Amino acid sequence: AFEADLGSTDTTAPSGVSVASATGMVPGYGCPLGPDQVVLAEVLWQGTLGVAVYDTATGVVSVVDPTCTELTAVGP
């Protein structure tokens with residue numbers, strides 16, 4: 001099950017990429033975000049670095065790599 005500590009005040013991943021809620025772009029990646037999307041955390045998906053992006057309208061969590069490619073998505 002996916003769990004995130006949404007009460008945490010630390011918004012910097014180990015690599016230094018900010019994982020705070022972003023408006024417009026994925027921090028450090030330059031990928032556009034939709035108006036209902038927030039960045040949750042930096043992740044490693046099958047050996048590829050990416051960020052988990054949560055869509056607050058649909059409940060879908062996607063993993064996006066540094067080239068803005070969606071690697072996977074899961075939802076309710």
Side-chain angles (χ1 to χ4, degrees):
F2 178 81
E3 291 184 35
D5 180 6
L6 299 179
S8 174
T9 57
D10 182 10
T11 59
T12 304
S15 69
V17 172
S18 173
V19 294
S21 296
T23 303
M25 304 296 264
V26 174
Y29 283 44
C31 304
L33 287 173
D36 297 320
Q37 293 179 314
V38 293
V39 176
L40 295 179
E42 189 170 47
V43 297
L44 194 60
W45 172 257
Q46 296 183 348
T48 302
L49 184 64
V51 291
V53 178
Y54 175 63
D55 188 309
T56 60
T58 64
V60 172
V61 175
S62 329
V63 175
V64 179
D65 76 3
T67 66
C68 303
T69 301
E70 184 178 82
L71 303 175
T72 191
V74 296

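Computed from a prediction, not measured in an experiment: that's the story for all the values here.
Grouping the Ile, Leu, Val, Met, Phe, Trp and Tyr side chains by contacts below 4.5 angstrom, directly or via other members, places V60 apart from L71.
Pairing each heavy atom of V64 with each of Y29, the nearest pair is O-CE2, 3.8 Å. In plain terms, the two heavy atoms of P32 and Q37 that are nearest each other are O-OE1, 4.4 Å. Closest non-hydrogen pair, C31 versus P66, comes out as SG-O, 4.4 Å. A52 and V61 get closest at one heavy-atom pair: CB-CG1, 4.2 Å. Scanning both residues, P76 and G59, for their nearest heavy atoms gives CD-O, 3.5 Å.
With sequence neighbours excluded, the residues that form a side-chain contact (heavy atoms from CB on, under 4.5 Å) with D36 are D55, T56, A57.
Separation of atoms CG (L44) and CG (L49) is listed at 6.5 Å; rounding is to 0.5 Å.
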